[in-house]
Amino acid sequence: MKLSSPVWSIMASSEKSTSKGQAWFCTTGLPSDIEIEVDDMTFHLHKFPLMSKSRKLHRLITEQETRSFSSVNPQTSTALTLVVAESDKKGKGHEIEDEEKEEEDEQEIEENGFPHIKLEDFPGSSESFEMVAKFCYGVKIDLSASSAVPLRCAAEHLEMTEEYSPDNLISKTERFLSHSVYKSLRESIKALQACESVSPSAESLGITEQCIESIVSRASSVDLSLFGWPVNDGGGGPDLSLIPGGASKSAKKQNRDNTNTELWFEDLAQLSLPIFRTVILSMRSEDLSSDVIESCLICYAKKHIPGILRSNRKPSSSSTAASENEQREILETITSNLPLDKSSISATTRFLFGLLRTAIILNASETCRDLLERKIGSQLERASLDDLLVPSYSYLNETLYDVDLVERILSHFLDSLEERSSTALVEADGRSPSLMLVGKLIDGFLAEIASDANLKSEKFYNLAISLPDQARLYDDGLYRAVDVYLKAHPWVSEEEKEKICGVMDCQKLTLEACTHAAQNERLPLRTVVQVLFFEQLQLRQAIAGTLLAAQSPSPSQSTEPRPGGEEVDAGKWKKTVRENQVLRLDMDTMRTRVHRLERECSNMKKVIAKIDKVGSPATTATDRPRSWSITKKFGCKFKTQVCDSQEATVVDHRSRRMSCYVLYECETF
């Protein structure tokens, strides 16, 4: 029996009560003799093409025709009784369902004159069965990674094996998957996405596992160092195609590779969370590069969690925004799978801070937030000041920014720095580049939060002293933060001021910072005296260095005399003499200021002693304050202990007012 070329048509079916949706007709010159219902679509087909390719359809059609024939011919009641007896083994519930189904089939046959079969639990949709029907009719079908998976499951369900019919649908789809899908990374991802709609069948056939194995094996060969995706925030380099000769062949090839890498990351982000989690676990079990795993996680988070990066607060229009619970589940899944070792992708730090902010907003678990803080701490030197400015989302925090969070992250950084100290790069003077970068970062953060009126002095002090001395080459940034804090908190006591200023090392202030600090009326007197001393010391060292440089002629001057060389040396000497005169004048001015401060301090000490005698006669000389004693030998032998901010002081309210007056006089002088 040979059918003419079929013509397919779909039309709305409202005439028959059994049709719930649309009807699909195959016009071949012969009337259809069977109806097959899949989902909401009814297919009007012919028995012969279907029975020649599918063992299951052949069996169903034969059974239904047998039941119809037995209902018309009573002689076949004995055979029908045997069939019913076998169905009794399924239980009474199944027996009732079989009887109802038989009655419906008989009713359909009586009304239509041909069988009606409803395929329940059919893997795939009506589109998949349409491709099956076309294959049975000999029509060429175009396979893709998305359609081959449900079609393979449908062929297995309909028993379209090679033993039943040569070159059948199972073998055809298997060849396509093996030769065209599993050998490509992007095609494997698309096929894995198609497995979600037919998950039980795809897993039982091993399609899901093979797709994941293909993805993992091919992702391991990707070199992310050649690409900027997916962690860059955009704004790449100039368009070389606009420059004559700028777009070389290698550049064009790299752009193509970059695009391909970007696309397969985006395809992977389209997977559902359970399947994506399975892929990531497989990557970790195969010891895949941590950079590849991190890149996959970053891309997936950007796709499904809006607002991770401050530059992209709105979700993409192509994806439906997940609910708050779904976002929390995605975030905790991504966090739990992040590699704990330090990443080689610099932009990952900004992404991690975005995850941490989102975790705080979504009220993620403590474990999730702790993992993020530890991960950030391991690469804190890559962070920027903007990353550290995490707002205080809790009503328990009075400050504008979360200072406690920064303290915890800094603690994790110091712990990780200590662990890798044996292999870390250290400069000749024992300073770690990472530690110095973090020191500069924390000084900037201190200066930013110092203007917060709700910031307690204790919290500012603890964060300032949390770094070791090696973290700062100069304390100018720390001095700036202290100055901003004292300006924003004029009500702090003198003791608190001295404690806050104690975080600085006046010996590590540059000459510019010393000059500013010596004229800063917000600093306590003890700090000003320390600054003046070390400023004088720096000037002396500068003068000594200048004199030594001037007295030692260069080798070129002694071995290679030039015409007019004497005039050049004389000009250098005059310039050096003028600089020395200026430095000597500055030193004399500073010495005068220091002597005046010393006299004022001495007078203040006498006044305090008189007040103590009047107020408490029993007070002995040993109980008097010793912090104001300053030696008159204010040279290189000056003992810095007398200016130590940690030394005990006993100053009442009146002496504080007097010290402020003395400081003001010294400043105006």
Side-chain angles (χ1 to χ4, degrees), residues 6 8 10-13 16 18-26 32-65 67 90 94 97-98 100-102 104-105 108-109 112 114-137 139 141-162 164-165 168-174 176-177 191-208 272:
W8 318 102
I10 300 177
M11 60 178 292
S13 178
K16 301 177 182 179
T18 58
S19 299
K20 299 180 181 179
Q22 293 179 318
W24 190 89
F25 293 85
C26 174
S32 58
D33 53 7
I34 188 173
E35 291 182 356
I36 297 181
E37 183 180 347
V38 179
D39 295 339
D40 58 347
M41 181 76 72
T42 302
F43 294 85
H44 297 261
L45 304 172
H46 302 84
K47 299 177 184 177
F48 175 73
L50 301 178
M51 297 173 67
S52 64
K53 290 293 184 181
S54 171
R55 178 183 282 112
K56 183 170 184 176
L57 289 178
H58 184 281
R59 184 172 62 254
L60 292 176
I61 293 172
T62 303
E63 289 177 357
Q64 194 168 106
E65 287 181 342
R67 287 195 299 268
K90 302 179 181 179
H94 293 285
E97 293 178 0
D98 293 340
E100 292 177 353
K101 185 176 180 181
E102 290 176 5
E104 292 178 359
D105 293 341
E108 289 289 338
I109 294 174
N112 303 327
F114 47 81
H116 178 91
I117 298 175
K118 184 176 182 180
L119 294 178
E120 298 179 351
D121 300 328
F122 181 77
S125 58
S126 56
E127 287 81 5
S128 299
F129 186 81
E130 180 180 345
M131 297 185 70
V132 171
K134 290 180 179 180
F135 175 79
C136 293
Y137 279 90
V139 179
I141 56 177
D142 295 327
L143 295 177
S144 64
S146 301
S147 63
V149 173
L151 196 60
R152 170 66 180 86
C153 297
E156 187 71 22
H157 181 77
L158 296 175
E159 302 176 16
M160 303 175 73
T161 61
E162 198 73 15
Y164 184 75
S165 176
N168 215 337
L169 188 57
I170 290 180
S171 59
K172 183 178 181 65
T173 52
E174 280 289 351
F176 179 80
L177 291 172
L192 182 60
Q193 186 178 3
C195 290
E196 298 181 21
S197 59
V198 289
S199 179
S201 300
E203 290 181 1
S204 62
L205 295 174
I207 301 177
T208 304
S272 65

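All figures in this text were calculated on a predicted structure; none of them were measured in a lab. Position 1 is the first residue of the sequence, and the numbers go up from there.
No donor-acceptor distance shorter than 3.5 angstrom exists from the side chain of Asp39 to the backbone of Ser125, with no hydrogens or angles considered. Checking side-chain atoms of Ser54 against main-chain N and O of Met51 turns up no donor-acceptor pair under 3.5 Å. Glu156 places no side-chain N or O within donor-acceptor distance of the main-chain N or O of Leu205, the cut-off being under 3.5 Å.
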task: Test Met160 against Val132 for side chain to side chain contact (heavy atoms under 4.5 Å, CB included), laying out the working first.
output: CA-CA 10 Å; Met160 303 175 73; Val132 171; 3.8 Å; yes
message: Between Thr42 and His116, does the side chain to side chain contact (heavy atoms under 4.5 Å, CB included) criterion hold? Intermediate values first, please.
response: CA-CA 9 Å; Thr42 302; His116 178 91; 4.3 Å; yes
task: Let me see the working for Phe135 and Lys172 under side chain to side chain contact (heavy atoms under 4.5 Å, CB included), right down to the final yes or no.
output: CA-CA 10 Å; Phe135 175 79; Lys172 183 178 181 65; 3.8 Å; yes
message: Pair Tyr137, Leu45 - check side chain to side chain contact (heavy atoms under 4.5 Å, CB included), show working.
response: CA-CA 10 Å; Tyr137 279 90; Leu45 304 172; 3.6 Å; yes
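Atom CD of Glu37 sits about 10.0 Å away from atom CZ of Phe43, to the nearest 0.5 Å. Taking CZ of Phe48 as the reference point, atom CD1 of Ile34 lies at 14.0 Å (rounded to 0.5 Å). Annotation: the span from Ile141 atom CD1 to Leu169 atom CG amounts to 5.5 Å, rounded to 0.5 Å. Rounding to the nearest 0.5 angstrom, the gap separating the CE atom in Met131 from the SG atom in Cys136 is 12.0 Å. One distance of note links CD of Glu130 with CG of Leu151; it measures 11.5 Å at 0.5 Å rounding. Here the SG atom belonging to Cys153 is positioned 10.5 Å from the CD1 atom belonging to Ile170, to the nearest 0.5 angstrom.
Residues Pro115 and Gln64 come closest through the heavy atom pair CB-OE1, 2.6 Å. Contact between Ser126 and Met41 at its shortest, heavy atoms only, is CB-CB, 3.8 Å. Phe176 and Ala148 get closest at one heavy-atom pair: CD2-CB, 3.6 Å. Of all the heavy atoms in Ser201 and Pro123, the pair that sits closest is OG-CB, 3.8 Å. Contact detail for Pro150 and Ser128: the closest heavy-atom pair is CB-OG, 3.6 Å.
When side chains are defined from C-beta on, Leu119 counts as touching Leu158, because their heavy atoms get closer than 4.5 Å.
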Please tabulate, for side-chain N and O atoms in residues 55-62, each donor-acceptor pair with protein atoms closer than 3.5 Å (sequence neighbours left out).
from	atom 1	to	atom 2	distance (Å)
Lys56	NZ	His157	NE2	3.1
Arg59	NH2	Glu159	OE2	3.3
Thr62	OG1	His58	O	2.6

